[in-house]
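To start, the structure itself, in structure tokens.
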Amino acid sequence: MSDTPIIDVVIPVYNAPELTRRCIDSVVTHLNPSIRTIHIQDDASAEETRAMLGSLPYPQVQVFHAPVNQGFGKSVNDAVSRSDAELVLVLNSDLEINSNFLPLLCAALTADPRLAVISPSETAMPQEKINRYQRQPGGYLTTYRFRGYGFLIRRSVFQTLGGFDPQFGRGYYEDTDLGRRLDQQGWRMGLHPEAMVQHKTGASFGRGKAYRELVNRNRNLYFSRYPLARQNVLVVSGMAVPVELTDAIEQVMRQGGRLHWLTPARLAKLSCLQMLNSELSLRGLLKILLRGWSREDKRITAIWLLPPVALWARILLTVFGRLRGLAIRRWQ
């Protein structure tokens with residue numbers, strides 16, 4: 001990647017004219033020194049949004065009006081196909097930019113040639129939380145679960161993989177699906193904790209019945225493709241970690257699963273954002289075991305035990321595992 005890469009911005013739009021205008025204004029205000037063209041992909045919005053887009057005074061903005069509502073993934077794919085930039089910054093229209101975070105993201109992509117995509121953080125991460133994760137070249141944190149609210153991606157990689165899968169329709173899980181495909185091709189994904197955006201979720205879809213049906217449909221489609229992503233492994237151990245366990249944990253993460261790790265004291269460093277660690281306690285253990293009764297994909301699917309583990313914890317986990325028919329793996 002060159003020292004000063006060409007960056008285009010893609011913003012898919014569907015209604016929500018006030019939030020969309022705020023997003024576009026903030027992009028021009030804060031990112032203008034680092035970007036070339038802003039591609040607005042209007043997904044057959046109502047007249048109020050079309051009129052707002054037509055009144056934009058920015059020469060770097062190009063607006064394309066799709067004749068029908070294609071959905072988030074297809075809209076992004078179409079807009080990216082009109083760019084020839086080295087990097088593309090894709091932003092939800094309900095984001096607001098408060099600073100130029102692009103130099104931070106570009107530095108990470110330059111430092112790690114296998115990093116395909118990097119996102120800013122939706123919220124300010126406390127320094128204590130940031131310090132718990134291993135920093136990668138360029139200062140980013142590893143993630144195995146890509147979220148598409150805002151991201152800077154190598155355009156050639158996005159195009160080679162075919163972009164977002166249009167089978168996910170209006171949206172949800174098309175970004176997680178792309179993340180699985182990136183990982184399968186040996187690419188890395190990251191989040192930069194010092195780069196931040198404000199995100200007002202659900203501006204276009206809302207949170208009603210149609211939203212829930214869409215999420216359920218696409219969640220089922222995603223897990224039908226990647227059944228191992230349903231893994232929610234509970235690990236209870238001492239502080240010493242054998243290499244075999246580290247390798248097994250990495251495999252769960254790379255398959256899209258999650259890990260809940262309980263130890264006598266909190267571990268100093270965690271390898272990725274999907275790895276959760278806290279001190280072993282009865283309350284904390286029960287909270288994890290009982291989570292997800294209303295959603296199968298959030299339930300614990302396996303238990304790993306590494307000595308030394310307190311007797312009360314071993315008894316509780318053995319009983320719970322038998323009642324739920326879970327595999328209990330005992331490491332030495």
Side-chain angles (χ1 to χ4, degrees), residues 118-119 121-137 139-147 176 179-180 183 188-194 228-293 295-321 324 326-332:
I118 183 166
S119 300
S121 175
E122 289 181 279
T123 57
M125 295 178 64
Q127 193 62 44
E128 179 185 4
K129 181 178 180 180
I130 295 173
N131 291 341
R132 296 206 67 200
Y133 293 98
Q134 296 174 5
R135 289 288 190 121
Q136 304 301 330
Y140 76 90
L141 308 179
T142 298
T143 180
Y144 289 112
R145 190 175 178 86
F146 171 50
R147 297 179 60 217
T176 319
R180 294 274 63 74
D183 183 78
R188 301 188 185 107
M189 299 170 280
L191 178 143
H192 205 299
E194 276 85 40
L228 292 177
R230 291 182 178 273
Q231 294 178 96
N232 282 289
V233 180
L234 172 60
V235 180
V236 183
S237 75
M239 299 302 293
V241 180
V243 175
E244 309 92 272
L245 176 64
T246 303
D247 293 342
I249 288 172
E250 180 77 8
Q251 187 66 17
V252 171
M253 299 294 98
R254 295 199 61 173
Q255 291 166 341
R258 290 186 174 89
L259 185 109
H260 309 264
W261 198 343
L262 301 179
T263 46
R266 294 170 68 184
L267 298 171
K269 290 291 182 182
L270 304 174
S271 63
C272 72
L273 291 171
Q274 283 68 50
M275 187 180 294
L276 306 177
N277 169 243
S278 57
E279 294 183 18
L280 175 61
S281 68
L282 177 59
R283 180 178 179 181
L285 184 56
L286 289 174
K287 183 177 180 180
I288 292 173
L289 293 176
L290 297 177
R291 72 193 298 271
W293 286 104
R295 265 183 56 181
E296 184 179 351
D297 61 292
K298 287 184 173 291
R299 298 173 189 170
I300 295 298
T301 58
I303 299 171
W304 296 354
L305 297 177
L306 292 83
V309 177
L311 178 61
W312 65 266
R314 277 186 285 143
I315 294 173
L316 177 58
L317 289 168
T318 300
V319 172
F320 180 85
R324 294 291 304 276
L326 301 180
I328 300 179
R329 184 172 180 180
R330 302 181 189 274
W331 297 73
Q332 298 303 317

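The first residue of the sequence shown is numbered 1, and numbering continues consecutively from there.
For the salt bridge (charged side-chain N to carboxylate O under 4.0 Å, His left out) condition, the pairs that include at least one residue of residues 266-282, sequence neighbours left out, are Glu128-Arg266. Residue pairs meeting the side-chain hydrogen bond (donor to acceptor under 3.5 Å, both in side chains) criterion with at least one member in residues 237-246, sequence neighbours excluded, are Ser237-Trp261.
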Just do the side-chain contact (heavy atoms from CB on, under 4.5 Å) check on Trp312 and Leu285 with the steps written out, would you? CA-CA 11 Å; Trp312 65 266; Leu285 184 56; 3.9 Å; yes
Taking it one step at a time, do Ile130 and Arg135 satisfy side-chain contact (heavy atoms from CB on, under 4.5 Å)? CA-CA 9 Å; Ile130 295 173; Arg135 289 288 190 121; 3.2 Å; yes
So Ser271 and Thr142, side-chain contact (heavy atoms from CB on, under 4.5 Å) or not? Walk me through it. CA-CA 7 Å; Ser271 63; Thr142 298; over 6 Å; no
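Each of Val235, Ile300, Val233 was evaluated against His260; a single residue qualifies, Ile300, per the side-chain contact (heavy atoms from CB on, under 4.5 Å) test.
For the ring pair (Phe, Tyr, Trp, His ring centres under 6.0 Å) test, residues two or more places apart in sequence or in another chain that qualify with Phe146 are Phe151.
Annotation: the span from Tyr140 atom OH to Ile118 atom CD1 amounts to 7.5 Å, rounded to 0.5 Å. Atom OG of Ser281 and atom CG of Leu286 lie 8.5 Å apart (nearest 0.5 Å). Atom CD1 of Ile303 is separated from atom CG of Leu317 by 5.0 Å, given to the nearest 0.5 angstrom. Rounded to the nearest 0.5 angstrom, Leu262 CG and Ile288 CD1 are separated by 4.0 Å. Interatomic distance, Arg324 CZ to Thr301 OG1, rounded to the nearest 0.5 Å: 10.0 Å. From Glu122, atom CD reaches atom CZ of Arg147 across 4.0 Å, with rounding to the nearest 0.5 Å.
The two residues Cys272 and Tyr133 have their closest heavy-atom pair at O-CE2, 3.0 Å. Counting all heavy atoms, side chain and backbone alike, Phe320 lies closest to Leu289 at CZ-O, 3.3 Å. A pairwise comparison of heavy atoms in Met275 and Leu270 identifies O-CD1, 3.5 Å as the closest pair. Listed here is the closest heavy atom pair of Thr263 and Met239: CB-SD, 3.9 Å.
Between Ser119 and Thr143, the closest side-chain pair of non-hydrogen atoms is not below 4.5 Å.
Looking only at distances, a side-chain donor or acceptor of Gln274 sits under 3.5 Å from a matching main-chain atom of Tyr144. Put simply, the side chain of Arg132 gets close to the backbone of Leu267: a donor and an acceptor are under 3.5 Å apart. Side-chain N or O atoms of Arg258 include none that pairs as donor or acceptor with a backbone N or O of Val252 at under 3.5 Å. Judged by distance alone, the side chain of Arg314 and the main-chain N or O of Val309 form a donor-acceptor pair under 3.5 Å.
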